[in-house]
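First up is the structure itself, then whatever we jot down about it.
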Amino acid sequence: MSFSFKQSGLATCMNVTNSGFHKRLISTICSRSSFSPCLNLQNPERRNLSVSKPLHISSIEKINEKKTVFECKAYEADKSQPIEVEVKSEAAKRLKIGIYFATWWALNVVFNIYNKKVLNAYPYPWLTSTLSLACGSLMMLISWATRIAETPKTDFEFWKTLFPVAVAHTIGHVAATVSMSKVAVSFTHIIKSGEPAFSVLVSRFLLGETFPPSVYLSLVPIIGGCALAAVTELNFNMTEGPQMWAAGWQKALSEIGPQFVWWVAAQSIFYHLYNQVSYMSLDEISPLTFSVGNTMKRISVIVSSIIIFHTPVQPINALGAAIAILGTFLYSQAKA
């Protein structure tokens, strides 16, 4: 028999006359003298107690009404309880991350589909992208006001640090929406797979940051794959005449019907939701794992958009997309 000095592993038997026993039973560690005769310490074979198997309380019974004597029964555990809890918590964490990834990809696919539907009927990407950002801001203000989400504590330094990141994110979202209004969704995300190449070039020439040769080599399939994917893209069109938003809105309503309003609302709501879940995922994992997840997300968006919008894909385009996505994965591994 063995025991462990912890809250969950107390002695096998104890005699207590203190009236406050109920309050201190779990937190009090008893000395040897408090053990009752039911634990035979006179046996020489039992004097050397081991700590390899901690004791855990199984029951507590009151056996004497006059002197307030309690009998504690315990069992030997093959494994300590913290190890079991740790294993369960690790499995729960993996399940949580898996749910985050699946939700992130699903929301991103839905956003891209509704965004393209809106842009096909209402080709004003600057306005629709602005509505998406404004909708996200409104949703967070409501969440903070209703205490659904905890209001962040900020100061001047926080806003000073966040401002350039917010500006870059805004420009990136608007530019992506403009490009999506010109070409297929799949082609847009193939080109977006080339982000690592621009990141390395900007960091090298503007910030003076250097990278190992493996990082530069991983850019070759990214750039080459994007070039192959774009070589036969026929939907690309840089012309867009100045049209009035109100006139375009009325035209879209007359052609699509009231469901067009739902498309606009849905693309704005799902844009915020998928970004929210992506940041929740990043909070739980490493940047490398997040980068791999982002690559897999693009694959899901490309495949789903091709199926839904019946985008014609030639073999050379598919090969280029596969090479570009593979290059992005290699880049994330080399950058780590």
Side-chain angles (χ1 to χ4, degrees), residues 98-125 128-129 131-132 172-173 175-196 221-222 224-237 252 255-278 281 290-330 332:
I99 294 175
Y100 278 171
F101 268 51
T103 307
W104 172 24
W105 297 342
L107 291 174
N108 191 263
V109 168
V110 175
F111 158 71
N112 279 276
I113 291 173
Y114 276 111
N115 192 34
K116 185 60 177 178
K117 284 178 174 288
V118 170
L119 292 172
N120 286 340
Y122 188 70
Y124 299 100
T128 57
S129 59
L131 289 176
S132 299
H173 173 57
T177 307
V178 171
S179 67
M180 198 174 296
S181 68
K182 312 296 183 183
V183 297
V185 176
S186 56
F187 179 72
T188 300
H189 280 270
I190 293 171
I191 297 301
K192 290 181 72 174
S193 298
E195 289 174 356
I222 294 177
C226 289
L228 286 176
V231 71
T232 61
E233 178 59 44
L234 301 178
N235 296 328
F236 191 76
N237 182 11
E255 294 179 353
I256 306 300
Q259 62 178 342
F260 172 73
V261 179
W262 160 245
W263 291 359
V264 175
Q267 66 96 19
S268 301
I269 294 173
F270 282 106
Y271 171 75
H272 172 77
L273 291 178
Y274 102 75
N275 275 284
Q276 184 76 33
V277 177
S278 69
S281 302
F290 182 84
S291 178
V292 175
N294 200 39
T295 303
M296 300 303 295
K297 178 205 71 175
R298 297 205 188 284
I299 296 176
S300 63
V301 172
I302 291 172
V303 173
S304 61
S305 64
I306 290 175
I307 295 174
I308 292 175
F309 294 107
H310 306 287
T311 306
V313 179
Q314 298 186 20
I316 192 172
N317 300 123
L319 177 62
I323 293 175
I325 293 172
L326 175 62
T328 303
F329 176 77
L330 295 177
S332 65

To the nearest 0.5 Å, tell me how far [X] [atom1] sits from [Y] [atom2].
X      : Y      : atom1 : atom2 : value
Ile308 : Lys116 : CD1   : NZ    : 13.0 Å
Ser132 : His272 : OG    : NE2   : 11.5 Å
Phe329 : Ile222 : CZ    : CD1   : 12.0 Å

Would you mind writing out the side-chain donor-acceptor pairs for residues 102-109 within the sub-3.5 Å range, not counting sequence neighbours?
from, atom 1, to, atom 2, distance (Å)
Thr103, OG1, Ile99, O, 2.7
Trp105, NE1, Gly293, O, 3.1
Asn108, OD1, Asn112, ND2, 3.0

Checklist entry - Sequence neighbours excluded, which residues qualify as side chain to side chain donor-acceptor pair (under 3.5 Å) partners of Tyr114? => result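 Side chain to side chain donor-acceptor pair (under 3.5 Å) list for Tyr114, sorted by chain: Trp262.
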
Item to check | Residues which pass side chain to side chain contact (heavy atoms under 4.5 Å, CB included) with Leu131, listed by chain and number, not counting sequence neighbours | outcome: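 By the side chain to side chain contact (heavy atoms under 4.5 Å, CB included) rule, Leu131 matches Leu127, Val264, Ser268.
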
Next on the checklist: Once side chain to side chain contact (heavy atoms under 4.5 Å, CB included) is applied, do any residues pair with Thr177, and if so which ones, sequence neighbours excluded?
Outcome noted: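 Partners of Thr177 under the side chain to side chain contact (heavy atoms under 4.5 Å, CB included) test: Asn115, Leu119, Pro125, Thr128, Ser129, His173.
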
Checklist entry - Can you name the residues that form a ring-ring contact (aromatic ring centres under 6.0 Å, His included) with Tyr274, not counting sequence neighbours? => result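 By the ring-ring contact (aromatic ring centres under 6.0 Å, His included) rule, Tyr274 matches Phe111, Tyr271.
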
Checklist entry - What heavy-atom pair brings Ala176 and Thr188 nearest, and what distance separates the two atoms? => result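 The answer is O-CG2, 4.2 Å.
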
Checklist entry - What are the two closest heavy atoms between Pro221 and Gly327, and how far apart are they? => result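 In terms of heavy atoms, the two residues are closest at CG-CA, 3.7 Å.
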
Item to check | Pairs where residues 260-271 contributes a residue and the test salt bridge (Lys or Arg N to Asp or Glu O under 4.0 Å) is met, not counting sequence neighbours | outcome: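 Every candidate salt bridge (Lys or Arg N to Asp or Glu O under 4.0 Å) pair involving residues 260-271 fails, so no pair, neighbours aside, qualifies.
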
Item to check | Inter- and intrachain pairs under salt bridge (Lys or Arg N to Asp or Glu O under 4.0 Å), touching residues 305-314, at least two apart | outcome: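 Not a single pair qualifies under salt bridge (Lys or Arg N to Asp or Glu O under 4.0 Å).
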
Throw together a table of side-chain donor-acceptor distances under 3.5 angstrom for residues 297-306, partners on residues two or more places apart or in other chains.
from, atom 1, to, atom 2, distance (Å)
Lys297, NZ, Asn294, OD1, 3.0
Arg298, NH1, His189, ND1, 3.3
Arg298, NH2, Glu195, OE1, 3.3
Arg298, NH2, Glu195, OE2, 3.3
Ser300, OG, Lys297, O, 2.5
Ser304, OG, Ser300, O, 2.8
Ser304, OG, Val301, O, 3.0
Ser305, OG, Val301, O, 3.0
Ser305, OG, Ile302, O, 2.9

